[in-house]
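Just follow the structure's listing: the first ligand is 1, and inside any ligand the first atom is 1.
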Amino acid sequence: MRQPLPEHGTGWSELKDRMLGYAAGDVRWREGKTAVYVFNAGPDVEQVQKEAYALFQSENGLGPAAFPSLKRMEEEVVGFGLGLLHGPEGAGAITSGGTDSITMALKAARDFARKERCVTGPLNIVVPRSAHPAFDKACAIMEIEVRRTALNDYLADPEAMAAAADASTVMIVGSAPNFPFGLIDPIAALSDLALKRDLWLHVDACVGGYIAPFVRMNGEAIAPFDFELPGVRSMSADLHKYGYCAKGASTVFFRSKALMDFMIFDFKDWPGGRMVTPTLAGTRPGGAISAAWAVMNFLGVAGYRVKHALVTEARAKIAAGAEALGFTVLGRPQLGLLAFTRADADCLAIWAKLRERGWFSGVTTEPRSLHLMLSPIHAEVADQYLADLAWALEAAGGATPTEAPRYA
Ligand SMILES: *Cc1c(COP(=O)(O)O)cnc(C)c1O
């Protein structure tokens with residue numbers, strides 16, 4: 001909607017008050033009331049994010065020669081990610097988010113197929129039905145067909161994916177975990193398929209890459225899902241999710257520098273001189289890089305293990321509590337996401353009731369279920385959530401909302 005820019009400026013303190021006024025209707029995430037959109041690792045991490053972001057807010061990751069500080073921080077963050085995910089070579093970059101990481105991995109896979117495998121004509125990718133819409137967005141931009149294959153027990157079905165793949169398939173995808181159910185796809189089987197058919201396997205660990213390694217260290221039996229499996233050629237892992245970094249930060253990784261070279265855009269055919277950009281962005285906010293560097297070093301392995309133990313504790317408690325109320329948890333979630341359903345209740349109506357009590361979570365639609373993406377704060381409010389869930393189950397009765405809420 002068109003609006004005139006105010007003729008005169010306003011003082012910062014008044015503006016700040018007005019902005020906080022705008023936020024009055026926002027969900028109370030600091031109290032743990034939201035289980036989607038925000039990863040709340042507590043006020044200590046939030047302070048580090050903010051101060052580290054502000055320190056490099058004006059600097060630009062587009063210019064590594066001008067800002068060796070950012071280059072160094074990016075290399076270290078990428079190094080930490082490669083170390084956690086068994087990366088065999090130092091090949092990766094910080095991007096603006098999961099969608100950026102996925103888009104750039106797909107660009108690399110496509111260019112690899114065109115140049116190395118001489119694939120011509122229309123291209124496709126094969127993904128499980130639970131794969132994130134970022135793949136469809138990237139494919140819409142690049143005019144690549146997306147083949148979504150049916151799930152088997154909420155997981156990718158390697159046989160269905162094998163049947164859907166052909167000579168024009170530039171990528172197959174597994175998620176670790178998928179967003180709708182929080183379940184890790186059978187990546188080992190997908191790796192075998194990729195090796196057997198010489199396919200590019202991308203593991204989308206956007207929401208799992210910075211939690212799964214630590215949950216494994218905490219004793220949970222997490223099956224191999226990363227570069228440890230030889231068929232995995234690229235991965236996406238979001239720093240701004242379970243890395244607890246400031247928003248605008250993800251990582252994309254490649255098995256080798258040679259594969260990563262297919263991602264990088266190197267251009268000089270204009271009057272402005274040569275411009276090399278590894279990711280989708282031109283200007284790259286220095287703050288997102290510095291905040292990521294600071295949070296990772298602030299937490300360290302021990303810090304992540306403690307924070308993530310609270311997440312998995314909350315997940316286990318809510319799963320058990322929901323089951324005690326007659327819900328069924330979909331699959332066997334091991335990380336910070338879970339979805340649960342009840343055949344004789346309308347989960348979307350329950351969602352709406354919980355919303356009345358200030359809770360904001362996600363939902364799934366196949367089947368209709370309540371969906372939570374948990375943070376350390378939720379260990380403190382799990383009992384309160386379960387009490388309100390019991391109330392909402394009663395209160396929802398037979399009501400049927402007409403449309404699923406938009407949540408992501
Ligand atoms: C969040 C997410 C994405 C997309 O990441 P954005 O940072 O929101 O762009 C992709 N895949 C999975 C599994 C995700 O959870």
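Sparse packing is recorded around CG of Asp269, with 12 or fewer heavy atoms of other residues, nucleotides or ligands lying under 6.0 Å away.
Salt bridge Asp198/Arg233: present, at least one basic N to carboxylate O contact under 4.0 Å. Taking a cutoff of 4.0 Å between a charged side-chain nitrogen and a carboxylate oxygen, Asp261 and Lys257 do not qualify as a salt bridge.
Listed by chain and number, Gly97, Gly98, Thr99, Ile102, His132, Pro177, Phe179, Asp204, Cys206, Val207, Asp238, His240, Lys241 each place a non-hydrogen atom less than 4.0 angstrom from ligand 1.
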Which pairs would a plain distance check flag for residues 71-84, meaning a side-chain donor or acceptor within less than 3.5 Å of a matching protein atom at least two apart in sequence or in another chain?
{"residue": "Lys71", "atom": "NZ", "partner": "Glu75", "partner atom": "OE2", "Å": "2.9"}
{"residue": "Arg72", "atom": "NE", "partner": "Glu76", "partner atom": "OE2", "Å": "3.2"}
{"residue": "Glu74", "atom": "OE1", "partner": "Arg284", "partner atom": "NH2", "Å": "2.9"}
{"residue": "Glu74", "atom": "OE2", "partner": "Ile94", "partner atom": "N", "Å": "2.8"}
{"residue": "Glu74", "atom": "OE2", "partner": "Arg284", "partner atom": "NH1", "Å": "3.1"}
{"residue": "Glu76", "atom": "OE1", "partner": "Trp293", "partner atom": "NE1", "Å": "2.9"}

Just list the side-chain donor-acceptor pairs under 3.5 Å for residues 20-33, sequence neighbours left out, or say none.
{"residue": "Arg30", "atom": "NH2", "partner": "Glu46", "partner atom": "OE2", "Å": "2.9"}
{"residue": "Lys33", "atom": "NZ", "partner": "Arg357", "partner atom": "O", "Å": "3.0"}

Return a table of donor-acceptor pairs under 3.5 angstrom between the side chains of residues 220-227 and protein atoms on other chains or two or more places apart.
{"residue": "Glu220", "atom": "OE2", "partner": "Gln334", "partner atom": "NE2", "Å": "2.9"}
{"residue": "Asp226", "atom": "OD1", "partner": "His86", "partner atom": "ND1", "Å": "3.0"}
{"residue": "Asp226", "atom": "OD1", "partner": "Glu228", "partner atom": "N", "Å": "2.9"}
{"residue": "Asp226", "atom": "OD2", "partner": "His86", "partner atom": "ND1", "Å": "2.8"}

